[in-house]
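Working notes, beginning with the structure itself.
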Amino acid sequence: MRRHRNSVWTNHFLSLVMGVLLGILFSLIMAVFFSAAAFFLLKDTVFVPYFSGVSLIMGTFAGSHICGKYRRKMGLADGFICAVIMYAVLWTVSLLIPDGSVGLDKFIMLGISGIIGGISGVNSKRPKNYRD
């Protein structure tokens with residue numbers, strides 16, 4: 001007889017950690033992509049702050065969306081919690097960098113994109129081959 005094995009997404013803590021890790025990974029990938037675009041195509045650093053903000057927004061949205069999609073409940077709260085954890089990680093990393101400060105504007109950007117990502121993940125189609 002086969003045992004029922006719980007998914008990572010049934011545990012609230014692990015699902016938040018997975019969402020945050022995937023969001024940070026996606027943010028880093030997008031930051032590398034935008035840095036390459038700024039270096040090779042634009043050859044100017046004027047738009048780098050905007051590109052970094054867009055990569056953070058996209059990463060927070062993606063991590064919250066995945067967390068909401070596989071968790072299938074509490075999208076608004078889980079999206080905001082993912083955004084707060086990502087902001088805490090960003091703030092901690094900014095302490096290590098000289099003149100690196102993270103303000104309230106980034107917190108608001110991450111919070112809004114996390115909430116929207118969590119809500120859209122809960123309301124999206126159920127993933128294929130997902131067994132709860």
Side-chain angles (χ1 to χ4, degrees):
M1 188 167 181
R2 189 173 150 196
R3 290 187 194 174
H4 178 69
R5 184 173 55 101
N6 286 334
S7 171
V8 172
W9 304 105
T10 57
N11 187 346
H12 190 245
F13 177 74
L14 288 178
S15 65
L16 287 174
V17 169
M18 286 293 292
V20 168
L21 288 178
L22 291 172
I24 290 172
L25 179 69
F26 191 73
S27 290
L28 290 174
I29 291 170
M30 293 309 298
V32 167
F33 174 74
F34 284 139
S35 297
F39 182 75
F40 292 117
L41 299 177
L42 299 176
K43 298 187 186 332
D44 197 8
T45 60
V46 174
F47 297 109
V48 170
Y50 303 111
F51 287 156
S52 68
V54 169
S55 66
L56 281 174
I57 289 171
M58 291 172 66
T60 307
F61 179 84
S64 301
H65 183 81
I66 290 171
C67 184
K69 184 171 189 147
Y70 283 96
R71 207 147 140 74
R72 308 300 297 169
K73 58 184 172 183
M74 293 176 36
L76 189 133
D78 285 347
F80 186 70
I81 292 170
C82 281
V84 168
I85 295 171
M86 283 185 69
Y87 179 79
V89 169
L90 183 67
W91 183 78
T92 306
V93 169
S94 74
L95 291 177
L96 303 173
I97 299 171
D99 296 332
S101 63
V102 180
L104 187 63
D105 56 343
K106 292 231 194 286
F107 180 72
I108 293 171
M109 285 187 333
L110 293 179
I112 291 172
S113 64
I115 288 171
I116 293 171
I119 291 172
S120 68
V122 168
N123 292 324
S124 65
K125 287 175 61 174
R126 187 174 176 85
K128 292 181 180 179
N129 299 327
Y130 176 68
R131 295 181 188 171
D132 196 16

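- S64 places no side-chain N or O within 3.5 Å of a backbone atom of F61 that could act as its donor or acceptor partner.
- Put simply, CD1 on I116 and OG1 on T60 are 11.0 Å apart, with the number rounded to the nearest 0.5 Å.
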What pairs of donor and acceptor atoms, side-chain ones from residues 28-37 against any protein atom, are under 3.5 angstrom apart with sequence neighbours left out?
residue, atom, partner, partner atom, Å
S35, OG, A31, O, 2.7

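- Taken together through direct or relayed side-chain contacts under 4.5 Å among Ile, Leu, Val, Met, Phe, Trp and Tyr, V54 and F51 form part of one hydrophobic cluster.
- S27 contributes a side-chain N or O that, together with a main-chain N or O of S55, makes up a donor-acceptor pair within less than 3.5 Å.
- Here CD1 of I81 is found 10.0 Å from CG of L76. Values are rounded to the nearest 0.5 Å.
- Residue M74 belongs to no hydrophobic cluster, having no ILVMFWY side-chain heavy atom closer than 4.5 Å to its own.
- The hydrophobic side chain of L41 is isolated, with no ILVMFWY side chain under 4.5 Å apart from it.
- Taking the side chain to side chain donor-acceptor pair (under 3.5 Å) definition, one finds that S124 meets it with nothing, sequence neighbours left out.
- Both L104 and Y87 are part of a single hydrophobic cluster, where members link through side-chain heavy atoms under 4.5 Å apart.
- Listed by first then second residue, pairs satisfying salt bridge (Lys or Arg N to Asp or Glu O under 4.0 Å) with a partner in residues 73-89 read R71-D78, not counting sequence neighbours.
- Not counting sequence neighbours, the partners of F80 by the side chain to side chain contact (heavy atoms under 4.5 Å, CB included) test are V84, F107, I115.
- Taking the side chain as every heavy atom from C-beta outward, I57 and L110 never approach each other to under 4.5 Å.
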task = Begin with the C-alpha distance, continue with both residues' side-chain angles, and end with the deciding distance and a verdict on side-chain contact (heavy atoms from CB on, under 4.5 Å) for L16 and C67.
result = CA-CA 7 Å; L16 287 174; C67 184; 4.1 Å; yes
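- In this view, Y50 and F47 satisfy the side chain to side chain contact (heavy atoms under 4.5 Å, CB included) rule, not counting sequence neighbours.
- Other members of the cluster containing F39 are F40, with ILVMFWY side chains joined at under 4.5 Å, either directly or via other members.
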Please tabulate, for the side chains in residues 18-26, all donor-acceptor contacts under 3.5 angstrom to protein atoms that are two or more places apart in sequence or on a different chain.
none

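- Residues V122 and I112 do not share a hydrophobic cluster, defined by chaining ILVMFWY side chains whose heavy atoms lie under 4.5 Å apart.
- Note on I66: it clusters hydrophobically with V17, by side-chain heavy-atom contacts below 4.5 Å among ILVMFWY residues.
- The backbone N or O of G121 lies less than 3.5 Å from a partner atom in the side chain of H65, making a donor-acceptor pair.
- Shortest non-hydrogen contact noted between G114 and A83 is CA-CB, 4.2 Å.
- Atom CD1 in I108 sits 12.0 Å away from atom OG in S113 (nearest 0.5 Å).
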